[in-house]
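Structure record follows, encoded as structure tokens.
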2 protein chains.
Amino acid sequence: MTRRERLREELVAEIKNAARTRLNEAGAAELSLRGIARDVGMSPASLYTYFDGLDDVITALIVDSFDDQAAAIRVAAAGARSVQTRLRRATVAYRDWAHEHPEEFRLLYESPIAGYQAPEDGPTVDAAIRVMTPFMELLHEAWTTGEIEAPPPGPPIDTKATAPRVEGGIDADWLRVGIETWAQFHGFVSLELNGHFPPGTALDDVYDHLIDNITTRLGFTD
Amino acid sequence: MTRRERLREELVAEIKNAARTRLNEAGAAELSLRGIARDVGMSPASLYTYFDGLDDVITALIVDSFDDQAAAIRVAAAGARSVQTRLRRATVAYRDWAHEHPEEFRLLYESPIAGYQAPEDGPTVDAAIRVMTPFMELLHEAWTTGEIEAPPPGPPIDTKATAPRVEGGIDADWLRVGIETWAQFHGFVSLELNGHFPPGTALDDVYDHLIDNITTRLGFTD
DNA sequence: TACGTTATCCGAACAGTGTTCGTTTGTCAA
DNA sequence: TTGACAAACGAACACTGTTCGGATAACGTA
């Protein structure tokens with residue numbers, strides 16, 4: 001590792017850090033290439049030495065943010081005995097992370113930057129799957145340990161795209177259950193973050209109540 | 001109604017129409033004030049005679065889109081006998097409308113235009129509530145006709161903001177159930193629209209399956 | 001009909017954006 | 001030391017939203 005390579009890596013990290021800070025503190029509207037360049041103290045043109053443009057910086061940011069959320073979920077779910085408890089903690093961590101990084105959450109799951117196009121080779125898709133993997137693993141574990149029963153059959157899911165990225169493959173019915181579960185608590189977080197719920201309400205408790213309903217319906221015998 | 005007032009109304013409608021067409025056909029990135037001005041054949045400065053700026057045009061667009069979705073939901077839910085069927089059709093209409101107007105849906109429920117700020121006096125909030133009202137009415141009707149039972153008590157919801165806008169007020173428990181229900185099918189539509197589900201899957205069937213689960217849990221005896 | 005008022009419209013300008021190009025500076029290896 | 005390459009920059013281009021001043025047209029009224 002030469003000196004130049006090391007400096008390059010440091011500067012790439014500094015640029016990504018400046019971009020993330022800018023996004024979190026000033027919002028997506030201020031996530032501009034020229035602004036990032038000002039923050040790291042270089043000219044806009046110089047940034048093109050390290051990234052192919054603003055979209056490339058954003059793509060790197062998305063991948064890092066997905067991995068950050070995935071790590072937060074894994075940490076929150078670790079340690080508890082019952083799978084039900086770990087699954088609950090994972091869903092709570094999903095929402096907590098969104099509250100701590102609302103701009104990043106929007107960047108990951110909505111499209112707050114008009115004109116941004118994710119790259120074809122899909123590094124952001126890979127990273128997104130790394131967030132869902134803990135949930136799928138918990139469902140699978142709950143099933144193998146007998147905490148919940150096998151899901152009733154339902155519409156088929158095409159597992160070609162996701163199965164190769166999950167250890168031991170993935171069952172179509174479980175993937176469907178995972179997607180449905182995800183959709184339910186994600187919808188709450190998304191609507192909440194975009195201000196679509198009545199103000200003055202203790203949304204923590206409502207979310208807990210929603211998770212209760214979801215886990216109950218999954219078949220956990222509380 | 002003078003001639004000038006009529007011309008003004010027509011031009012306002014034409015501007016909004018151009019903005020909506022631009023959004024739907026070219027995406028949020030092309031929803032620019034200068035572009036809209038080009039489409040209607042006037043200078044950018046002239047647009048300020050009719051709107052206070054780009055944000056004001058977008059606000060008008062949001063209100064119209066909310067009302068359009070609300071109308072689609074009401075049309076879809078009308079006519080069927082059982083409340084369960086109408087509720088199901090309403091949820092399907094919610095998703096169908098999103099598929100027919102994906103860019104508009106994102107504009108309503110996510111924040112695809114960085115820097116846009118909704119106005120303080122909340123015309124967009126009023127319009128958003130007009131979308132939720134049919135769902136709340138259906139829940140209330142199912143309860144009064146005995147198709148489902150009263151919801152078990154749960155965390156309280158502050159009904160001050162929404163109750164005055166719904167005829168006959170609103171019950172806190174029912175509002176909570178409505179919010180939870182909405183969150184669940186909205187999450188599916190949002191994730192689907194943003195490409196977070198495995199490709200090649202028959203998502204229509206999965207959504208139907210999800211709605212089955214939701215209505216069953218609401219207490220409808222199929 | 002004539003006049004003053006007002007709405008409408010536009011051109012020019014300003015500050016900001018992403019991106020490209022040509023050039024210069026700095027670093028590394030042969 | 002020299003040649004090759006990475007890195008950095010200034011200037012420019014085509015955009016964007018917005019403001020301002022002035023011109024033009026339509027209006028209500030005397």
Side-chain angles (χ1 to χ4, degrees), chain A residues 1-16 18-19 21-23 25-62 103 107 111-119, chain B residues 1-16 18-19 21-23 25-62 103 107 111-119:
Chain A
M1 180 104 147
T2 75
R3 186 180 114 89
R4 255 222 284 252
E5 285 171 339
R6 185 167 42 82
L7 284 177
R8 185 181 180 93
E9 263 199 14
E10 286 177 7
L11 201 37
V12 165
E14 190 180 340
I15 291 169
K16 288 198 292 185
T21 303
R22 208 153 226 283
L23 172 66
E25 296 186 354
E30 299 297 320
L31 189 55
S32 69
L33 185 140
R34 292 186 111 103
I36 296 168
R38 277 194 297 272
D39 290 349
V40 299
M42 54 165 55
S43 79
S46 302
L47 255 173
Y48 282 77
T49 308
Y50 302 95
F51 291 93
D52 286 341
L54 180 62
D55 274 24
D56 196 29
V57 180
I58 293 174
T59 297
L61 203 57
I62 289 174
E103 298 289 342
L107 182 62
S111 299
I113 295 169
Y116 168 74
Q117 284 283 0
Chain B
M1 180 106 151
T2 76
R3 184 181 116 89
R4 259 225 281 252
E5 285 173 339
R6 186 167 41 82
L7 284 177
R8 186 182 179 92
E9 262 199 16
E10 287 177 7
L11 201 37
V12 164
E14 190 180 341
I15 291 169
K16 289 199 291 184
T21 303
R22 209 156 225 280
L23 173 66
E25 295 185 356
E30 299 298 319
L31 190 54
S32 69
L33 184 140
R34 291 184 110 102
I36 296 168
R38 277 194 299 271
D39 290 349
V40 299
M42 55 164 55
S43 80
S46 301
L47 255 172
Y48 282 78
T49 307
Y50 302 94
F51 292 92
D52 285 341
L54 180 60
D55 274 23
D56 196 30
V57 179
I58 293 174
T59 297
L61 203 57
I62 289 175
E103 299 288 342
L107 182 63
S111 299
I113 295 169
Y116 168 75
Q117 284 283 2

Can you tell me how far [atom2] of [N] sits from [atom1] of [X], to the nearest Å?
| X | N | atom1 | atom2 | answer |
| --- | --- | --- | --- | --- |
| A/Tyr48 | C/dT17 | OH | P | 13 Å |
| A/Leu11 | C/dT27 | CG | C1' | 15 Å |
| A/Leu31 | C/dG18 | CG | C1' | 13 Å |
| B/Leu47 | C/dG11 | CG | P | 14 Å |
| A/Ile36 | C/dT19 | CD1 | P | 11 Å |
| B/Glu14 | C/dC9 | CD | P | 11 Å |

For the atom pair [atom1] ([X]) and [atom2] ([Y]), what is the distance rounded to the nearest 0.5 Å?
| X | Y | atom1 | atom2 | answer |
| --- | --- | --- | --- | --- |
| A/Tyr50 | A/Glu14 | OH | CD | 10.0 Å |
| B/Glu30 | B/Thr21 | CD | OG1 | 14.0 Å |
| A/Leu31 | A/Ile113 | CG | CD1 | 4.5 Å |

A/Phe51 backbone acceptor or donor facing A/Asp56 side chain under 3.5 Å: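 Not a single qualifying donor-acceptor pair exists.
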Boundaries of the chain B footprint along DNA chain D (any atom under 4.0 Å from a heavy atom):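 Reading along DNA chain D, I get D/dT16 to D/dG28.
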Pairwise 5' ranking along DNA chain D for A/Ser43 and B/Arg4, keeping only the more 5' one: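 Result: A/Ser43.
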Earlier contact from the 5' end, DNA chain D, for B/Leu7 and B/Asp55: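 The 5'-side residue here is B/Asp55.
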Heavy atoms under 4.0 Å, any strand shown: does [X] hit a base, just sugar-phosphate, or nothing?
| X | value |
| --- | --- |
| B/Tyr50 | sugar-phosphate |
| A/Arg6 | nothing |
| B/Ser32 | sugar-phosphate |
| B/Leu33 | base |

A/Gln117 to A/Asp55 - nearest heavy-atom pair and separation: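 Scanning both residues completely, I find the closest heavy atoms to be N-OD2, 3.2 Å.
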B/Ser46 side chain near C/dC10 phosphate (N/O to OP1/OP2, under 4.0 Å):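 Answer yes for this pair, as a side-chain N or O of B/Ser46 is under 4.0 Å from OP1 or OP2.
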N or O in side chain of A/Arg38 less than 4.0 angstrom from C/dG16 OP1/OP2: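 Indeed not, no polar side-chain atom of A/Arg38 lies that close.
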Qualifying residues under side-chain contact (heavy atoms from CB on, under 4.5 Å), relative to A/Ser43, sequence neighbours excluded: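 Checked A/Ser43 against side-chain contact (heavy atoms from CB on, under 4.5 Å); matches are A/Ala45, A/Ser46.
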Partners passing salt bridge (charged side-chain N to carboxylate O under 4.0 Å, His left out) against A/Glu10 (at least two apart in sequence or in another chain):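 Salt bridge (charged side-chain N to carboxylate O under 4.0 Å, His left out) check on A/Glu10 returns A/Arg6.
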Under-3.5 Å donor-acceptor pair between A/Arg34 side chain and C/dG16 base: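 There is none.
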Proximal nucleotide (of C/dG11, C/dT20, C/dC9) relative to the B/Ala45 side chain: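 Of the options given, the side chain of B/Ala45 lies nearest C/dG11.
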